[in-house]
**Student:** 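The following block contains the structure, expressed as structure tokens.
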Amino acid sequence: MKLLPSFFQDTSTVELARALLGKVFVYETSLGIISGVINETEAYNEEDEASHTFGGNRTPRNEVMFWEGGHLYVYFTYGMYHCMNVVSESADYGSAVLIRSVIPVEGMEIMTKYRYGDTPIPVFPLTGERGKRGSKKNLCNGPGKLCIALGITKEQNGANLCTKDSKIYLEERGYHFSEIVTTSRIGISKGQEKMWRFYAKEEDLKREEKWV
DNA sequence: TACGCGATCGTG
DNA sequence: ACGATCGCGTAT
């Protein structure tokens, strides 16, 4: 069952960032289902100097951050990488949660192809040249890496995660982390005082026997 | 129209 | 510690 709009809209962005840990990100692609447990996030909102939307700054690039919670915001950075965010709160308030890492669940073979260039769909930059074959741990542990592994580009920017026929969505599957760490965010200069990064260690991952 | 920088990553 | 590489925002 897909997470509903209320899940994304009825809490603050910082609370949502925490609540997203343990949820499963799912992408139904033409090659098969790709999914992973979210284990690292960061919150960004209009009151935050590090946010694209600081002070209500609304541009073509960050437009999706102002849509209602439950959309996907994808942007391009460092001239090489995409980063993916889950839009939060209500329409016309610019806020989102950056997904920094997931633990692969389904479709690791597809992720490996996307990361290392064995795919017949050669869409992603630099996938063939770099690095060593991904272990489960190394495949999606970073905001740029996970977009390559999951096949997320600007084409998916603005996708609605909550419609009946959406191919990209989030689910509750009973995954649970025993310990959540709260820290300052990575790669920002302003807003370092905000403790808006949340992560869990992979070895803490547990799965309940039953789930809703 | 021009320029400087960045919510990164893998290698050294 | 550093270079790759380009879209976007800000300034001209």
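Every chain is numbered from 1, with letters handed out A, B, ... down the list of sequences. These numbers come from the heavy atoms of this one structure, side chains and all, not from hydrogens, waters or symmetry mates.
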**Student:** Any N/O pairs under 3.5 Å between the protein and nucleotides 6-8 of chain C? List them or say none.
**Tutor:**
unit_1	atom_1	unit_2	atom_2	d
C:dC8	OP1	A:K154	NZ	2.8
C:dC8	O3'	A:R61	NE	3.4

**Student:** Round to a whole Å and report the spacing from CG of A:L139 to C1' of B:dT8.
**Tutor:** 17 Å

**Student:** For A:A43, check side-chain contact (heavy atoms from CB on, under 4.5 Å) against everything at least two apart and list the hits.
**Tutor:** A:T13, A:V14, A:A17, A:W196

**Student:** For A:I180, enumerate each residue passing the side-chain contact (heavy atoms from CB on, under 4.5 Å) test, keeping only those at least two apart in sequence or located in another chain.
**Tutor:** A:R18, A:L21, A:F177, A:F198, A:A200

**Student:** If I take atom NE2 in residue A:H82 and atom C1' in nucleotide B:dG6, what distance separates them, rounded to the nearest angstrom?
**Tutor:** 15 Å

**Student:** Is there a donor-acceptor contact under 3.5 Å linking the side chains of A:K2 and A:S166?
**Tutor:** yes

**Student:** Tell me which residues in residues 94-101 of chain A lie within less than 4.0 Å of DNA chain B, going by non-hydrogen atoms.
**Tutor:** A:L98, A:R100

**Student:** For A:Q192 and B:dG6, what is the distance between atoms CD and P respectively, to the nearest whole Å?
**Tutor:** 12 Å

**Student:** Listing request: all salt bridge (charged side-chain N to carboxylate O under 4.0 Å, His left out) pairs with a residue in residues 186-199 of chain A, at least two apart in sequence or in separate chains.
**Tutor:** A:E40-A:R197

**Student:** For the pair made of OH in A:Y73 and P in B:dA7, what is the distance, rounded to whole Å?
**Tutor:** 10 Å

**Student:** Can you see if the side chain of A:K190 gets near the phosphate of B:dA7 - specifically, an N or O under 4.0 Å from OP1 or OP2?
**Tutor:** no

**Student:** Between A:N85 and A:A96, which heavy-atom pair has the shortest distance, and what is it?
**Tutor:** CB-CB, 3.8 Å

**Student:** Tell me which residues in residues 44-54 of chain A lie within less than 4.0 Å of DNA chain B, going by non-hydrogen atoms.
**Tutor:** A:Y44, A:A50, A:H52

**Student:** Using the C1' atoms only, state how far B:dG10 lies from C:dG7, rounded to an integer number of Å.
**Tutor:** 22 Å

**Student:** Going by atom types alone, do A:N141 and A:K137 pair a side-chain donor with an acceptor below 3.5 Å?
**Tutor:** no

**Student:** In whole Å, what is the span from the CG atom of A:L72 to the C1' atom of B:dA7?
**Tutor:** 15 Å

**Student:** Below 3.5 Å, can you tabulate the donor-acceptor pairs from side chains in residues 64-73 of chain A to any protein atom, sequence neighbours excluded?
**Tutor:**
unit_1	atom_1	unit_2	atom_2	d
A:W67	NE1	A:E63	OE2	3.1
A:H71	ND1	A:E68	O	2.8
A:Y73	OH	A:H52	ND1	2.8

**Student:** Excluding sequence neighbours, so at least two apart, what forms side-chain contact (heavy atoms from CB on, under 4.5 Å) with A:P104?
**Tutor:** A:M108, A:M111, A:K136, A:L139, A:C140

**Student:** In whole angstrom, give the distance that lies between atom CZ of A:F198 and atom P of B:dA7.
**Tutor:** 19 Å

**Student:** Taking only residues two or more places apart in sequence or in another chain, which ones pass side chain to side chain donor-acceptor pair (under 3.5 Å) with A:E109?
**Tutor:** none

**Student:** Whether the side chain of A:T53 engages the backbone of A:G94 through a donor-acceptor N/O pair (distance < 3.5 Å, no angle test) should be reported.
**Tutor:** yes

**Student:** Take atom CZ of A:R185 and atom P of B:dA7, then tell me their distance rounded to the nearest Å.
**Tutor:** 10 Å

**Student:** For A:E42 and B:dG6, what is the distance between atoms CD and C1' respectively, to the nearest whole Å?
**Tutor:** 14 Å

**Student:** Of all residues at least two apart in sequence or in a different chain, which pass the salt bridge (charged side-chain N to carboxylate O under 4.0 Å, His left out) check with A:E171?
**Tutor:** A:R173

**Student:** Let me check I have this right: for DNA chain B, each base becomes ., (, ), [, ] or |, based on Watson-Crick or G-U pairs with both distances under 3.5 Å. What is the full string?
**Tutor:** ||||||.||||.

**Student:** Which heavy atom of A:K154 sits nearest a heavy atom of A:V74, and at what distance?
**Tutor:** N-CG1, 4.1 Å

**Student:** Testing the 3.5 Å rule here: is there a donor-acceptor pair between the side chains of A:E15 and A:S12?
**Tutor:** yes

**Student:** What nucleic acid atoms does A:M84 come within less than 4.0 Å of, heavy atoms only: base, sugar-phosphate, or nothing?
**Tutor:** nothing

**Student:** Looking at the side chain of A:Y81, which of C:dG9, B:dA7, B:dT8 is the nearest nucleotide?
**Tutor:** B:dT8

**Student:** Return the set of residues passing side-chain contact (heavy atoms from CB on, under 4.5 Å) with A:N57 (not counting sequence neighbours), or none when no residue passes.
**Tutor:** A:T59, A:N62

